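Notes follow once the structure below has been shown.
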Amino acid sequence: MLKVAIVGCGKIADQHVHAIRRIPDCKLVGVCDREPLMAKQLGERFGISACFGDVTEMVRAVAPDVVHITTPPQNHCMLAKECLNAGSHVYLEKPFTVTAEEAKSLIQLADHANLKVTAGHNLQFTLEMMEMRRLVNGGFLGGRPVHVESYFSYDLGDKSYAGAFLGNRQHWVRQLPGQLLHNVISHGIARLAEFLDDELTQIVATADQSESLRTSGADEVLDELRVMLRDKRGTTAFFCFSTQIRALNELRIYGPVGSITVDVVSGSVIRNEKRAHKSYLTYFIPPLRNSREHFRNAGLNLTNFVRRRLYQDAGMKELIERFYNSIRLDTTPPIPYREIILTAAIMDEIFAQIYPTGLRSSAISASVASVSTLPLQPTVQ
Amino acid sequence: MVRDTLNTPIIGIEDPVLVTGAGGFIGPSVVRKLLEYGFRDIRCIVRSAQSLAKLETVASPYTNNARLGLIKGDLLSRDDCVRATNGVRVVYHLAAGTEKSFAGAFMNSALATRNLMSAFLEVAKPRRFVNISSFAVYSNLKLKRGAFLDETCELEEQPQERFDAYCFGKLKQEEVVRQYGIERGLPYVIVRPGTVFGPGKQELTGRIGINTFGFFIHLGGSNQLPLTFVDNCADAIVLAGLVPGVDGETFNIVDDELMTSKQFLAAYTNAVGPFFSIRVPYPLAYGLSWAWEKYSKWSKGQLPPVFNRRRCSAEWKGNRYSNRKLRERLGWQPKVSMERSIGAFLSQFESSRGQRLNH
């Protein structure tokens, strides 16, 4: 039985508790928040009696096998080091750390201590993302990916979250080097990192502030981001983050023969095989094949619903379960360390380009664009 | 009666008063009432600058006689709470967490309130802390349909089972207020407004029905609605902070001549134009909620238990409501009749008649 503890009892902690409770042979033994009332409310709602206001006290008292850290990212590195030093494996919510340097140091520490860490890139483990991976590994693309695209949108209409940080310059989101983008783009970047080589030769990032945000008074917050990337082997990638486009969460992978579109919003995987059709058949056969794909996805989703597999945060439960299994069986963690570091390194570079002088206090007068040709070489574990 | 009770308010008109959530729906009316009663030093803490224009409009007729201090801040910041409460005698705590998550609701209701009370005790000489709660804290599970729901009724014991983060936040907020009252001697009053309506809030209350599935389901039927017009509600809130001898008390706020769900919906439809709706009687709603709740448990939350028996009961069982305590102890009476209130509410749709409004 794995003993699990949570540090940081805010909104995301509830999702962790729900996911952990679905996994056999593990038990929540403690919750901790520097605001003891927050720990108490989580403990009360889920029947966890060991509530703490100090992480040192918690790891000493309940000696957890695994600690989930769900605090603001500024505290991730420090808390994770404390837990690793106390002998616990660590699951860190996204973004893994504030910088790639911190990510590397944590992973090194975990390796030296013979412990494991993982990042909360749970959208990598949704049902449709796992099907995509099965197709890619089965050779559907007909070779290595030539081009990868990741689209991610975020609804700023959610006043409970957006209102809090837009109205408060001291909010922890506003204190991150990449501000709003820093807190939300790692899901979208992580799925590019999976298919990119460690050595990137080019990143071009441009960012701007949307019209709707201009009226919010949050002058320095950028919320429209486009990034072009190229790795040493020539694979290219494109990332689009938007607060103006609604409900967009897609991955598109193009290979020499086939391509795959994963729509995380509708839980669909659309397979496209490039086959030549004679004459006018090219206008009829491919659309019919696409229709068949959509029907297939609807059927799969219905089956998964009937089988009770289509629940919210299925990706989180899958990732956590795989992480726990890697601890029990002493195998490699579900997310390769090189992907975690590469994700952090790409984010570092994006933020360096779009906030070239750090956080700016004046209004954004024009979009920012610059080009990096410096190779980014994260340490490969 | 109102004048009589206000002849001896617990503070003088020069004493500073703080209003949190002043930029919200009820806040500007509370500020206006305070200005009408002659208070000259009113402070408002608001989270965003967008609220300021609304408050400045409210205050503009009184600028010669009164000071309206606007403080931009966040109640989750202890420093902001200290700034806002410094020297204040009465706090009207209207700011509400509308988060859908339990942790968020707790943070923005209970924690924010704790910070505010703590600062109030630290840097002021508190005469009263008026905590604005909600009818959402009640459980009518054991009450019969049509029974009176008043201040003595049971509070919800299982907000998690009811899947109601707002209810949870408000319950915990009340808990922390009572705790400060007992342990730290903070004089407080808790007020629980019913369904507050008026110009500026276009949505229909969930007690009438829902449009979760893309069309309107009318669930309220002939239930009486615990309505209170925004100005009447604000008047009651202001009195709760000023009338002597009510420390530690709790007051429900509802108006007179309460309409039924059916009557309210008919008036609303008449104003905005017809839209498709289905009437679901309470026994059927209860049965469906039971089935949803069971499925949710069986599927381990594949469908979250958004519909459940506790929620169904709280919103659509149907009770009757009274403002007797409010009248007797605070000397309150609704100054705006229900007819005028509903007229004011519906007038906001005059320019948009024929457009289907989102619920």
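On a predicted model such as this, the values are computed, not experimentally measured, just so you know. Throughout, protein chains are lettered first and strands after them, A, B, ... in sequence-line order, and every chain is numbered starting at 1.
A/Y311 is not listed as a side-chain neighbour of B/L303, based on a closest heavy-atom distance of 4.5 Å or more. Side-chain contact between B/K300 and A/K317 is absent, with no heavy-atom pair separated by less than 4.5 Å.
Here the side chain of A/R308 pairs a donor or acceptor atom with the backbone of B/W298 at under 3.5 angstrom. Looking at B/Q302, its side chain does come within 3.5 Å of a backbone N or O of A/R309 through a donor-acceptor pair.
At most 12 non-hydrogen atoms from other residues, nucleotides or ligands lie less than 6.0 angstrom from CD of A/Q312. In this structure, B/R178 places its CZ atom where more than 12 heavy-atom neighbours from other residues, nucleotides or ligands lie under 6.0 Å away. Environment of NZ in A/K40: sparse, with no more than 12 heavy atoms of neighbouring residues, nucleotides or ligands closer than 6.0 Å. Atom CD of B/E157 has 12 or fewer heavy atoms from other residues, nucleotides or ligands within 6.0 Å.
Here the CE atom belonging to B/M107 is positioned 12.5 Å from the CG atom belonging to A/L37, to the nearest 0.5 angstrom. Atom NE2 in A/H171 sits 7.5 Å away from atom CG in B/D74 (nearest 0.5 Å). Summarising the geometry, atom CD belonging to B/E175 is positioned 11.5 Å from atom CD belonging to A/Q41; distances are rounded to the nearest 0.5 Å.
A/L42 does not touch chain B: none of its heavy atoms, backbone or side chain, sits under 4.5 Å away. Heavy atoms of A/E44 lying under 4.5 Å from chain B belong exclusively to its side chain. The contact between A/R22 and chain B is made entirely by side chain atoms (from C-beta outward), counting heavy-atom distances below 4.5 Å.
Scanning residues 129-139 of chain B against chain A with a 4.5 Å heavy-atom cutoff picks out nothing at all. Residues of residues 160-169 of chain B lying under 4.5 angstrom from chain A, judged on non-hydrogen atoms, are B/Q160, B/F168 in numerical order. Using a 4.5 Å cut-off between non-hydrogen atoms, no part of residues 66-74 of chain A approaches chain B.
Residues A/M38 and B/A103 come closest through the heavy atom pair CE-O, 3.8 Å.
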Taking only distance into account, with no hydrogens and no angle test, what donor-acceptor pairs under 3.5 Å do side-chain atoms of residues 25-33 of chain A form with protein atoms, sequence neighbours excluded?
{"from": "A/D33", "atom 1": "OD1", "to": "A/E35", "atom 2": "N", "distance (Å)": "2.9"}
{"from": "A/D33", "atom 1": "OD2", "to": "A/C9", "atom 2": "N", "distance (Å)": "2.7"}

